[in-house]
Amino acid sequence: MAKDTYLKKVLGEERFNHIKASKVLMVGAGGIGCELIKNLMLTGFGEIHIVDLDTITLSNLNRQFLFRQKDINKSKAMILVKAVEKFNYFDCKLIPHHGNIMNTELFPISWWSSFDYIYNALDNVEARTYVNSIALFLKKPLMESGTTGFQGQVLPIYPYQSECFDCIPKDTPTTYPVCTIRSTPSKPVHCITWAKEFLFMQLFDEVQILSPEKLAEQRKILESETTDKKEIDNLMNETNELNDLRKLTSSTIEEFMDNLVNKIFVKDIEKLIRIDSLWKYRKQPVPLDYATYNSELSSMVKSTSSDVLHNETKVWSILENLYVLYQASKSLIDRIQSGEKFISFDKDDDDTLNFVVSASNLRSSIFGIDVMSKFDIKQIAGNIIPAIATTNAIISGFSDLQSLNYFKSYELSNQDANTVFVSMKPNRFVARATLASPNPQCASCSLSSRGIMSLSSLDGTLQELIDNIKEFYKYEDISLILGKNKLIYDFDFEDNVDRSLNSLGFKSGETLLVQDDNDELENLELYIIIGEEFKLPELTLRAKKVFKEETDAEDDEPIEEGVVDDIIEVEPPIKKQKV
Amino acid sequence: MTIDKSNKYDRQLRLWASTGQSNLELSHICLINGTTTGSEILKNLILPGIGNFTIIDDKEITTNDLAGNFFLTNDNIGQLRASALCESLMELNEDSKGHAITDSLDEIDDSVWDRFNVVVVSDYIDPEFLDTLKTKLFKKEIPLFIVNTVGFYGTINLIINEITVIETHTSQLFDLRIDQPWQELSELSDSYQLDSLDDSDHAHVPYVIILMQALRSWSDSHNGPPTTMTEKRQFKKFVQDQSRNFTFETNFNEAVSSVFRAYQKTQVPSMVKSLMNNDKISDKNLNNETPFFWILIRALKSFVELYGNLPLPGTLPDMASDTNNYITLQNLYRDKAAKDKELFIEEVKRVLTIIGRLDGLTALEIELINIFCKNSHSIHVTSGSSQMTSKSLLEQMLSNKSNDYDNEEYNHLAIYFGIMTFNHFIKQNNHVPEESDYDNFIKLFSEVFECHPDLPLSALKTFKEIVCHSSSHYHNISSLMGGIASQEVLKIATSQYVPLDNLYVFDGIRSQSDKYKI
């Protein structure tokens with residue numbers, strides 16, 4: 001019996017052939033990606049492209065079953081394809097790409113348009129939003145998926161027919177007032193934020209030298225939070241002083257450590273105490289008595305057998321935290337001195353993590369806040385989302401399963417696919433819901449149209465382009481925004497009209513947002529490519545929707561628990577490509 | 001745990017902690033039949049680091065096995081499935097040790113089963129043998145999972161007589177005792193004179209104190225705490241009215257939004273109460289064979305009789321307050337929790353003396369007691385069944401009383417009975433049923449389950465689907481069912497979370513599932 005006999009039987013001959021002839025894209029080769037690639041290959045797809053910018057780390061191995069210890073630090077996309085080649089029973093063409101999916105030079109729109117279906121297997125909102133926007137530009141079906149711990153969700157997206165990724169509002173990450181972080185912490189997370197976002201950043205990461213304007217801006221932010229001039233002055237000075245400390249990264253570890261501890265855990269705290277107003281209703285911090293630990297610390301440093309660093313679930317003592325701070329600083333300045341220009345915080349980079357853990361614990365103890373174990377701090381500092389093989393296996397099964405409908409008809413409308421939720425809730429392992437219509441207030445799909453604009457050259461003037469757009473879509477008056485937020489034209493800003501598109505920053509892969517200044521037509525977002533002739537996308541623009549302020553919508557009806565909330569895995573920090 | 005392990009398993013340690021992990025590492029799982037679903041189950045257990053796995057399978061690998069199984073290659077054709085799979089799966093994680101048994105099932109010695117913590121049967125084995133195995137393992141108290149997939153359908157049975165779980169991860173309630181403060185907490189609450197505080201201090205009183213004071217003065221003037229909806233609403237208003245400036249006083253905002261914590265009655269949950277009355281811990285049944293879990297329950301019973309409440313977990317939610325006030329309050333909860341734990345340990349020791357164990361508590365047992373005291377309000381015990389079907393289950397299927405979400409005709413239980421019939425059909429005919437076997441299939445169903453072959457349409461449709469697809473080789477479904485089944489095995493292996501009780505049916509055509517208790 002041929003290997004595909006069963007597949008033909010289950011899928012039906014017609015759909016089987018469609019799938020065989022299809023070319024699909026899988027974005028992400030991590031937890032879900034490893035599982036999904038296997039499913040897609042065994043479903044019989046003819047060609048699969050795999051994109052991931054990441055490299056393999058040890059903590060991936062508990063679930064990403066295609067990777068082994070020997071693959072650590074290698075490209076996920078490359079290793080994934082290598083690992084599955086020997087199981088390629090249906091002769092699928094597999095093409096890996098090691099790169100950032102948002103890179104328009106590596107992945108131009110023409111490349112995107114060659115796919116029949118896009119599967120997201122991502123772990124961050126930024127990339128998800130980007131792929132979603134491409135799907136909207138090209139009207140490509142997209143399967144969104146995500147897991148966190150025992151929970152997961154898949155969401156099929158049929159652009160303009162069903163809810164898109166941006167139709168669902170996202171939680172904004174919690175932020176803390178600068179003053180809480182810098183002068184008056186009261187919870188462990190405040191100290192962790194201080195150690196990671198402020199101290200570590202100032203000492204080791206790439207920081208811009210602040211211009212006077214930036215400094216004035218910073219002061220303004222502080223003034224909006226407090227009226228205490230003394231506190232503001234103190235905070236502004238601290239930043240300058242840390243810049244001096246940064247220079248010490250080229251000295252010896254002893255010199256660095258003494259200066260660091262004496263400044264941030266002694267002198268800075270003493271300065272804070274002198275601002276009386278802060279402590280009227282709060283307990284004063286107690287500066288670290290560094291001298292009492294000095295001799296013990298140096299003997300601990302000398303004895304090579306200390307295993308403090310290996311005990312991640314124990315809460316370290318002050319001395320142990322000092323020791324960890326010493327060892328972490330030593331490694332970090334060694335790295336700086338041997339040529340690393342700057343070091344960014346990374347939860348998987350133990351030197352950076354140890355520095356942040358010990359520094360935040362020392363600060364906590366000064367302020368009478370609970371000291372935590374490295375394991376627990378890592379979760380907060382690294383925004384760690386629990387992840388296991390089982391949930392990923394279930395979710396990628398659904399991801400493939402729910403996409404099958406599309407390969408029967410190749411139509412975006414009338415899809416009876418479902419969004420599926422998986423959880424540990426007793427009685428409800430798997431729940432599904434019919435796809436919702438696009439959110440009428442979604443800025444991405446309901447309030448704007450999208451298309452691809454081909455420019456034959458970038459030498460023409462902005463005025464020519466404006467005339468063309470106005471005529472083609474029957475706009476009265478428009479404003480233009482290039483890229484994320486660069487306003488280049490509106491009714492009382494005509495300075496640019498005679499400039500060439502090239503000089504304004506038009507280029508292939510950039511987007512141009514067209515807004516109707518008379519508020520009659522909806523927004524239009526154009527993806528710019530350079531082609532043989534000038535061409536605007538054929539679109540019928542819808543009338544602009546106006547929404548009344550909603551006043552009483554809030555406590556209308558309770559949302560059924562677990563049906564529409566909080567499922568997509570979010571990992572806020574922007575990923576930097578590792579080479 | 002070594003540094004490498006804690007790094008490798010970091011993302012899962014955040015779910016089940018090192019206690020769950022070490023339980024997992026001590027576990028030995030047995031898989032009968034090296035199917036695709038079976039391979040998926042093992043993969044999902046080997047990756048997180050299960051200690052040992054054994055595959056029992058006497059069959060040779062054919063091209064059919066390759067269709068959906070990622071762990072076999074062309075080179076394996078003709079080899080024994082158990083050995084080849086075992087070798088291939090071992091590559092996934094050097095911390096897991098694999099074993100292959102290539103004897104046929106009836107040749108396996110009885111004592112072999114004692115090695116395993118969990119046994120999984122994937123797809124077809126002789127129904128008669130399954131019956132014997134079921135009885136055997138039920139007696140030995142070894143959990144047995146039976147996992148089947150056909151076409152887009154899948155089912156999981158969990159056969160076990162008793163499961164006890166301490167860490168269920170189910171309760172998100174905080175035990176704050178606002179309604180029944182102990183002496184020190186009561187004194188702390190009394191020490192706050194809200195009226196005499198200046199505005200800043202007033203805005204920094206932790207809401208636990210606000211609620212405690214409000215509840216007391218309400219109860220004094222209303223003959224007891226608020227109980228009806230109206231009273232509760234009035235009480236909420238009462239709390240809000242005590243704020244000097246509700247827009248700015250975050251602590252009062254929190255008090256109002258957490259007002260339910262004031263009505264939350266401090267009491268022993270009924271599940272825990274019924275455990276404390278279990279016959280297992282009566283004087284006549286308690287002996288030195290009694291599992292440690294039940295010894296803890298017995299100690300808990302005495303604890304509650306002596307002190308009126310369960311041991312305090314001692315955790316306090318985050319709340320607006322200045323550091324000083326919060327820490328004082330936090331320490332009070334912690335100290336009480338520590339004291340309760342000591343008192344509880346006294347009770348445990350007393351029970352141990354009764355049953356003649358005088359060697360003192362091991363470090364592991366102390367650790368378990370720690371966890372027990374933090375979770376005593378949400379402990380869980382399930383009593384299972386050794387049966388795969390029951391009269392009422394069959395009747396439910398025949399009358400199609402399954403949930404009818406979309407007014408479509410479908411019948412989840414028919415999937416279950418259909419799959420059991422599928423396996424009986426293989427036994428009877430030595431091949432899987434085809435479309436042409438439809439009538440025989442229905443006849444066999446009525447013979448096996450001793451009922452009239454006049455079936456509801458929904459069941460007929462489902463049976464038709466089963467004989468049409470008649471394959472358990474669709475990889476997606478294997479991946480899915482393998483994921484769900486291994487999730488359940490993980491619960492057993494880590495001794496955490498509430499496991500399946502006890503039948504799960506999955507319909508991949510509608511992405512819908514249901515749970516039943518036999």
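Computed over heavy atoms, backbone and side chain alike; hydrogens, waters and symmetry mates excluded. These figures come from a predicted structure and were not determined experimentally. Just so we're on the same page: letters track the sequence lines, and every chain starts at 1.
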Rounded to the nearest 0.5 Å, how far apart are CG of A/Asp348 and CG of B/Asn7?
-> 7.0 Å
Checking heavy atoms, do the side chain of B/Ile327, its backbone, both or neither come under 4.5 Å from chain A?
-> side chain
Can you check whether B/Gln512 reaches A/Val430 side chain to side chain, under 4.5 Å on heavy atoms?
-> no
Nearest non-hydrogen partners of B/Ser486 and A/Thr390, listed with the distance | OG-CG2, 3.3 Å
Residues which pass ring pair (Phe, Tyr, Trp, His ring centres under 6.0 Å) with B/Tyr333, listed by chain and number, not counting sequence neighbours | B/Trp182
If you round to the nearest 0.5 Å, how far is CG of B/Asp4 from OG of A/Ser59?
-> 11.5 Å
Would you say B/Ser511 and A/Phe398 make side-chain contact, with heavy atoms under 4.5 Å?
-> yes
Proximal component of B/Phe70, with respect to chain A [non-hydrogen, under 4.5 Å] = both
Measure distances from B/Asn69 to the heavy atoms of chain A and classify the residue's part below 4.5 Å as side chain, backbone, both or neither.
-> backbone
So do the side chains of B/Trp16 and A/Ile388 get within less than 4.5 Å of each other, counting heavy atoms only?
-> yes
Step by step, would you call A/Lys378 with B/Asp10 a salt bridge (charged side-chain N to carboxylate O under 4.0 Å, His left out)?
-> CA-CA 10 Å; A/Lys378 186 177 179 184; B/Asp10 183 85; 3.4 Å; yes
Within a strict 4.5 Å, meaning less than it, do heavy atoms of the A/Thr43 and B/Tyr474 side chains meet?
-> yes
Among the options A/Glu35, A/Lys9, A/Lys38, pick out the one with the most heavy-atom pairs lying under 4.5 Å from chain B.
-> A/Lys38
Heavy-atom pair with the smallest gap, counting every atom of B/His469 and A/Val10 = NE2-O, 3.7 Å
Between atom CG of A/Leu404 and atom CZ of B/Phe152, what is the distance when rounded to the nearest 0.5 Å?
-> 6.0 Å
Relative to chain A, which of B/Thr73, B/Leu45, B/Leu66 shows the most heavy atom pairs under 4.5 Å?
-> B/Leu66
Minimal heavy-atom distance between B/Leu72 and A/Phe87, with the atoms involved, is O-CD2, 3.8 Å
If one checks every heavy atom of B/Leu490 against chain A at 4.5 Å, the contacting part turns out to be side chain
Anything under 30° is parallel, anything over 60° is perpendicular, the rest tilted; go ahead and classify B/Phe71 against A/Phe65.
-> tilted
Heavy-atom pair with the smallest gap, counting every atom of A/Ala393 and B/Asn44 = CB-ND2, 3.8 Å
Should A/Arg432 and B/Asp507 be marked as a salt bridge (charged side-chain N to carboxylate O under 4.0 Å, His left out) after you check the CA-CA gap, both sets of side-chain angles, and the distance that decides it?
-> CA-CA 11 Å; A/Arg432 60 133 192 197; B/Asp507 173 359; over 6 Å; no
Under a 4.5 Å heavy-atom cut-off, does chain A meet the side chain of B/Asp318, its backbone, both or neither?
-> side chain
Do side-chain atoms of B/Arg14 reach the backbone of A/Phe375 as a donor and acceptor pair under 3.5 angstrom?
-> yes
Just wondering, do B/Glu94 and A/Gln69 contact through their side chains at under 4.5 Å, heavy atoms?
-> yes
Over all atoms of both residues, closest heavy-atom pair of A/Leu401 and B/Asn476 | N-ND2, 3.7 Å
The reported gap from CZ in B/Arg11 to CG in A/Asn60 (rounded to nearest 0.5 angstrom) is 7.5 Å
Partner residues of B/Val467 under the side chain to side chain contact (heavy atoms under 4.5 Å, CB included) criterion, sequence neighbours left out | B/Pro433, B/Tyr438, B/Phe441
Relative to chain B, which of A/Asp370, A/Val420, A/Leu7 shows the most heavy atom pairs under 4.5 Å?
-> A/Asp370
Distance from B/Leu13 atom CG to A/Thr313 atom OG1, nearest 0.5 Å?
-> 9.0 Å
Proximity breakdown for B/Glu91 and chain A, heavy-atom pairs closer than 4.5 Å = both
